[in-house]
Amino acid sequence: MSGLPDDETAKFGLYQWHKSVGLLVMMLAIARLIWRTVNPSPELPLSFPSWERHAARLTHNVLYAALLAIPLAGWAFVSASPLGIPTFAFYLVLVPHLPVPVSASSEALFGMLHGLLAFSTVLLVMLHIAAALRHHLILKNEILARMIKPARRHR
C-alpha cells in the first residue's frame, strides 16, 4: 500500500480500508475488554510454574494493549499529517482527527510508533502461538483445547 505511487488511484482507497479496519479492530478490542472485565478468564492451573502463569497474564495484557495502541497510533499518525486527509470509516462515517500537533515530525513519530507496535505485536502473537503449541505438542496438557473451546460456566 505505501509502496504505490502517490498518483495511483487505488492508493487512497487502500488507505481508507486500512484505517476503517483499524478503527473496527479498536472498537472490537474495547468490546472484548468490557466482556473480559465482566467475564474473567479462568486461572491457569496451579501445577504450572509461577513464571509461566505470570508470562501468560503479561502476554495477554500486552496483546490487549496493542489492540488499542496500534489503531490509536495510526489514528494519531493520520491526524498529525500536514496533508489533512480525512478518514471515512467504511466510506460511511467521517472520523474526526485526534487533537495532536500537526507537523511532519509528529506525523513521522506516530507513523514510526504505529509500525513498531504492529511489528512487535506480530512477534508477540507468534510467541503466543508457539507457547500454545508447546503446551499441546510437547507438554501434552489441555491449555490449547481450553483456548479453542472454553468450558461453559454454570451459574
Side-chain angles (χ1 to χ4, degrees), residues 1-4 11 13-81 87-101 105-155:
M1 177 175 72
S2 62
L4 291 172
K11 188 171 188 169
L14 288 172
Y15 272 105
Q16 291 299 326
W17 280 107
H18 178 89
K19 294 186 287 185
S20 296
V21 170
L23 290 166
L24 178 62
V25 165
M26 187 173 65
M27 289 188 300
L28 290 172
I30 291 168
R32 174 69 177 168
L33 282 170
I34 292 168
W35 172 262
R36 185 48 64 207
T37 301
V38 175
N39 300 285
S41 51
E43 290 297 319
L44 290 171
L46 291 176
S47 60
F48 284 21
S50 66
W51 70 265
E52 199 167 15
R53 290 193 312 271
H54 293 302
R57 198 172 307 113
L58 176 65
T59 301
H60 289 147
N61 290 338
V62 171
L63 285 171
Y64 280 124
L67 288 174
L68 296 172
I70 294 169
L72 279 173
W75 192 0
F77 173 42
V78 169
S79 300
S81 173
T87 297
F88 293 98
F90 297 103
Y91 292 97
L92 298 172
V93 178
L94 176 63
V95 178
H97 286 168
L98 293 174
V100 296
S105 60
S106 292
E107 179 185 28
L109 173 70
F110 288 122
M112 181 188 68
L113 182 62
H114 181 64
L116 183 63
L117 285 168
F119 181 75
S120 300
T121 301
V122 167
L123 293 177
L124 188 59
V125 166
M126 289 170 42
L127 176 67
H128 190 59
I129 291 169
L133 290 174
R134 174 182 167 264
H135 279 280
H136 186 68
L137 300 172
I138 296 171
L139 301 177
K140 302 197 184 301
N141 59 35
E142 299 297 318
I143 290 299
L144 181 60
R146 190 173 95 167
M147 288 168 46
I148 293 171
K149 187 178 180 187
R152 292 179 184 250
R153 293 196 179 112
H154 301 291
R155 294 182 185 210

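In what follows, residues are counted from 1 in the order of the sequence shown. These values consider heavy atoms only, across backbone and side chains, with no hydrogens, waters or symmetry-generated copies.
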Y91 atom OH, neighbour heavy-atom count above 12 within 6.0 Å:
yes

Could you state the interatomic distance from CH2 (W51) to CG (L58), rounded to the nearest 0.5 Å?
12.5 Å

For the residue pair M147 and A132, what are the closest heavy atoms and their distance?
CE-CB, 4.0 Å

Look up atom CG in L117 and atom CG in L124, then write down how far apart they are to the nearest 0.5 Å.
11.5 Å

Residue pair L67, M26: steps toward the side-chain contact (heavy atoms from CB on, under 4.5 Å) verdict
CA-CA 6 Å; L67 288 174; M26 187 173 65; over 6 Å; no

Checking the side chain of S20 only, and the main-chain atoms of F90 only, is there a donor and an acceptor separated by less than 3.5 Å?
yes

Under 3.5 Å, is there a donor-acceptor pair linking the side chains of R57 and H54?
yes

Testing the basics here: between P101 and A80, what is the closest heavy-atom pair and its distance to 0.1 Å?
O-CB, 3.5 Å

Using modelled atom types and a 3.5 Å cut-off, is there a donor and acceptor pairing between side-chain atoms of H60 and backbone atoms of A56?
yes

List the atom of A89, the atom of L23, and the distance in Å for their closest heavy-atom pair.
CB-CD1, 4.3 Å

Does the side chain of V78 come within less than 4.5 Å of V95's, by heavy atoms?
no

Got a sec: does the CD of E52 have more than 12 other heavy atoms crowding it under 6.0 Å?
yes

Of all heavy-atom pairs between S41 and R36, which one has the smallest distance, and what is that distance?
N-NH1, 2.9 Å

Checking W75 side chain against K19 main chain: does a donor-acceptor pair fall under 3.5 Å?
no

Taking atom NE2 of H136 as the centre, does the number of heavy atoms from other residues, nucleotides or ligands within less than 6.0 Å exceed 12?
no

R134 side chain to L137 backbone, donor-acceptor under 3.5 Å:
no

So, taking the atom named CD1 in I148 and the one named CD1 in I143, what distance separates them when rounded to the nearest 0.5 Å?
11.5 Å

How long is the span from the CG atom in L133 to the CG atom in L139, to the nearest 0.5 Å?
11.5 Å

Report the relative orientation of the aromatic rings in F48 and H135; use parallel for angles under 30°, tilted for 30 to 60°, perpendicular for over 60°.
parallel

Let me confirm one number: the CD1-CZ distance from I70 to F119, rounded to the nearest 0.5 Å.
12.0 Å

Please name the pair of heavy atoms, one in V100 and one in S79, separated by the smallest distance, quoted to 0.1 Å.
CG2-CB, 3.7 Å

Roughly how far apart are L127 CG and T121 OG1, rounded to 0.5 Å?
12.0 Å

If you define the side chain from C-beta out and look only at heavy atoms, does anything of R146 sit under 4.5 Å from L44?
yes

